[in-house]
Number of protein chains: 2
Amino acid sequence: MGKLKRISESTISRLSRYYRALVQLDKDNYETVSSKDLARLEHLTPAQVRKDLSFFGSFGTRGLGYPVRELKDKIARILGVDQEWNVALVGIGNIGSALVSYKEFSRQGFKIKLLFDNDQRKIGSNHKGIVIRDVANLTQELKDNNIEIVVIAVPPQQAQTVCDDIVKADVSAILNFAPINLKVPKGVSLRNENMAMELEHLSFCLVNNDYCEEG
Amino acid sequence: MGKLKRISESTISRLSRYYRALVQLDKDNYETVSSKDLARLEHLTPAQVRKDLSFFGSFGTRGLGYPVRELKDKIARILGVDQEWNVALVGIGNIGSALVSYKEFSRQGFKIKLLFDNDQRKIGSNHKGIVIRDVANLTQELKDNNIEIVVIAVPPQQAQTVCDDIVKADVSAILNFAPINLKVPKGVSLRNENMAMELEHLSFCLVNNDYCEEG
DNA sequence: CCCATGTTGTGAAAGCTTTCACAACCAATT
DNA sequence: AATTGGTTGTGAAAGCTTTCACAACATGGG
Ligand SMILES: NC(=O)c1ccc[n+]([C@@H]2O[C@H](COP(=O)([O-])OP(=O)(O)OC[C@H]3O[C@@H](n4cnc5c(N)ncnc54)[C@H](O)[C@@H]3O)[C@@H](O)[C@H]2O)c1
Ligand SMILES: NC(=O)c1ccc[n+]([C@@H]2O[C@H](COP(=O)([O-])OP(=O)(O)OC[C@H]3O[C@@H](n4cnc5c(N)ncnc54)[C@H](O)[C@@H]3O)[C@@H](O)[C@H]2O)c1
């Protein structure tokens, strides 16, 4: 079992994609899948699929391929989506509200447990069955409720302060929607969802289409 | 002027980050900035900054650094954010509505011109000053209105059909929020915004914290 | 049992990206 | 004009990721 190398960002992202494909294959009652099939489904190469999986073990059978359900479960375990995670959301505005309404996260094990805002008109109100709390008590309430992942959806100016309070609660996984570079201590995982950057990437491709292949 | 190499995805993303930093530096009335400063602001290395910029030309002065405003304008040009882009949005649900309300895109030159949905209750209604059109006429209306970028925010099952209609209108830049692998012909730039994948990345880090450094 | 066909797992090669290191240059000071 | 201190631009080195290529194994049919 290859349990030594550091896993690259891109391998982790591809794991998510394999997982999604496998969930579908399982629904469609496929028993086995080859690296070739999986690669075609995700527009990758078979060698890449095999190499990615090989970092975590040998899940396939030579000549046959991978058992769909088993591989799906193995990857679920690796990705940590075989369990439930307590999620909190800070900033219940446009994006925040959209996220609360999104049922798919819960189905995948990401349970939105707490909502926070600093707007007195919103605090105390019920949003999709969850009461919005005062961000003033953020650190304490995150601790009290065993929150493991926090999503930041506040304006960029407030994001670092909110982030600091989250870190104080020993939460070590943060998803940030504010277009700003948050500083977090070592050991805290931070992912940024930056739509402006994606749009700029597209406009770059429109302007420089010769130098921008494969989207 | 280095106009030969293919530019990597990561260089383009970093260009967006330099741009954001430069806009701020300009606002704060800085005249020049060194690769060292720019690197510190974005948590990168000075060599990386210089190498990235060198793909597009020599914008700095040895001993002095880069002229902030000039470099900002140069990068704006490279990214294509020195001009306005006509954007359309398909699927005015949770995410779609959030995007329409977001003023920042317009400020950056991404002008949301058309909205589409297939829900008869929504079609014809006014959303933040823009009327929601019937997706049935998608291809024709994209053409008629010179739309250059389309954002897909419909359920995953409908995304490929919508995508095909967009491609038919010769739009070559698509931002997709549906968690599905869209197929687009060569020459069309497709970016995916997949929040589930980001959350899975975080849960991976929580489970395998030894193998997951730097978020 | 043997052979043909198919597929994995993995070292090694190729390709790509980042970092290093330094010549080339700029400005200020003496 | 020479020296000091600073910074860029870039070829080369190092590091990382992807692809290649093939031994090792599985199955099925003669
Ligand atoms: N709406 C979009 O489409 C979009 C797109 C890209 C990025 N973003 C980014 O996402 C973030 C949220 O955007 P939005 O459109 O939802 O904004 P919004 O103004 O609709 O919502 C922000 C919410 O955060 C709350 N808030 C402000 N300061 C707070 C604090 N200190 N603690 C807790 N809550 C606080 C506000 O009361 C509000 O409810 C912003 O950083 C924005 O730049 C939004
Ligand atoms: N809401 C979120 O936080 C979130 C998060 C991640 C991903 N997503 C993805 O973004 C997409 C949109 O999510 P949402 O929550 O806004 O969903 P939603 O159901 O609120 O909105 C979807 C909208 O698309 C419209 N629609 C459906 N089929 C259409 C078609 N063929 N043409 C045009 N319009 C059509 C619907 O009428 C609706 O208005 C989905 O693919 C979802 O998986 C959403």
Side-chain angles (χ1 to χ4, degrees), chain A residues 1-18 22 25 30-68 70-72 74-75 78 201 211-214, chain B residues 1-18 22 25 30-68 70-72 74-75 78 201 211-214:
Chain A
M1 289 149 253
K3 274 277 184 186
L4 274 152
K5 275 191 70 68
R6 168 155 284 99
I7 305 304
S8 77
E9 302 261 303
S10 20
T11 294
I12 303 173
S13 300
R14 284 191 299 268
L15 240 37
S16 283
R17 297 170 60 182
Y18 303 147
L22 287 162
L25 285 167
Y30 285 87
E31 298 271 311
T32 60
V33 66
S34 66
S35 58
K36 204 168 136 202
D37 298 338
L38 208 41
R40 194 173 18 237
L41 283 171
E42 292 295 318
H43 311 135
L44 299 164
T45 66
Q48 179 107 78
V49 173
R50 294 201 299 275
K51 184 63 102 185
D52 283 338
L53 296 177
S54 79
F55 290 134
F56 302 97
S58 309
F59 308 125
T61 313
R62 289 164 148 96
L64 290 185
Y66 302 89
V68 169
E70 212 174 299
L71 183 59
K72 172 176 80 70
K74 284 264 169 56
I75 296 185
I78 294 165
H201 205 305
Y211 310 107
C212 179
E213 279 308 297
E214 158 79 294
Chain B
M1 289 151 252
K3 275 277 184 182
L4 273 152
K5 276 190 69 70
R6 168 156 284 101
I7 305 304
S8 77
E9 302 260 303
S10 20
T11 295
I12 303 173
S13 301
R14 284 191 300 267
L15 240 37
S16 283
R17 296 170 60 181
Y18 303 147
L22 286 162
L25 286 166
Y30 285 87
E31 298 272 311
T32 61
V33 66
S34 66
S35 58
K36 203 168 137 201
D37 298 338
L38 208 40
R40 193 172 20 236
L41 283 171
E42 293 295 319
H43 312 133
L44 299 164
T45 67
Q48 179 107 77
V49 173
R50 294 201 298 277
K51 184 63 103 185
D52 283 338
L53 296 177
S54 78
F55 290 134
F56 302 97
S58 309
F59 307 125
T61 312
R62 288 166 148 97
L64 290 184
Y66 302 89
V68 169
E70 211 175 298
L71 184 59
K72 172 176 80 68
K74 285 264 170 55
I75 296 185
I78 293 165
H201 205 307
Y211 310 107
C212 178
E213 279 307 296
E214 159 78 295

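Throughout, protein chains are lettered first and strands after them, A, B, ... in sequence-line order, and every chain is numbered starting at 1.
Across B/Val49 and B/Tyr18, no two heavy atoms sit closer than the pair CA-OH, 3.4 Å. Nearest heavy-atom pair across A/Lys74 and A/Phe59 is CD-CE2, 3.4 Å. The shortest non-hydrogen separation linking A/Gln48 to A/Arg14 is NE2-NH2, 3.0 Å. Residue B/Val68 comes nearest to B/Thr32 through the heavy atom pair CG2-C, 3.6 Å, listed as atom of the first residue, atom of the second, then distance. For B/His201 against A/Ser13, the heavy-atom pair with the smallest separation is CD2-OG, 4.2 Å.
Between A/Ile7 and A/Phe56 the shortest side-chain heavy-atom distance falls below 4.5 Å.
If you measure from atom NZ of A/Lys36 to atom C1' of C/dG9, you get 18 Å, rounded to the nearest angstrom. Look at CG on B/Leu53: it is 8 Å from P on D/dG9, rounded to the nearest Å. Rounding to whole angstrom units, CZ of residue B/Arg40 and P of D/dT7 are separated by 10 Å. Counting to the nearest Å, the P atom of D/dT10 and the CZ atom of B/Phe56 are 14 Å from each other. One atom, CZ of B/Arg6, and another, C1' of C/dT17, lie 15 Å apart when rounded to the nearest Å. A straight line from CZ of B/Phe59 to C1' of D/dT10 spans 15 Å, rounded to a whole angstrom. In this structure, CG of B/Asp52 is placed 14 Å from C1' of D/dT8, rounded to the nearest angstrom.
Residue A/Ser35 places at least one side-chain N or O closer than 4.0 Å to OP1 or OP2 of C/dT8. At the phosphate of C/dC26, neither OP1 nor OP2 sits under 4.0 Å from any side-chain N or O atom of B/Tyr66. For the pair B/Arg14 and C/dT18, the criterion of a side-chain N or O lying under 4.0 Å from OP1 or OP2 is met.
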Determine, for nucleotides 19-27 of chain D in 5'-to-3' order, which nucleotides have protein heavy atoms under 4.0 Å from the base (write B), from only the sugar-phosphate (write S), or from neither (write -).
-> BBB--BBSS
Please write out the pairs of protein N or O atoms and N or O atoms of nucleotides 13-16 of chain C separated by less than 3.5 Å, giving the distance to one decimal.
none

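Looking at A/Arg50, its side chain never comes within 3.5 Å of a backbone N or O of A/Ser35 through a donor-acceptor pair.
Here A/Leu22 contributes atom CG and A/Glu70 contributes atom CD; the two are 11.5 Å apart, rounded to the nearest 0.5 Å.
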Could you give me the CA-CA distance, side-chain angles and deciding distance for A/Leu41 and A/Leu25, then say whether side-chain contact (heavy atoms from CB on, under 4.5 Å) is met?
-> CA-CA 10 Å; A/Leu41 283 171; A/Leu25 285 167; 3.9 Å; yes
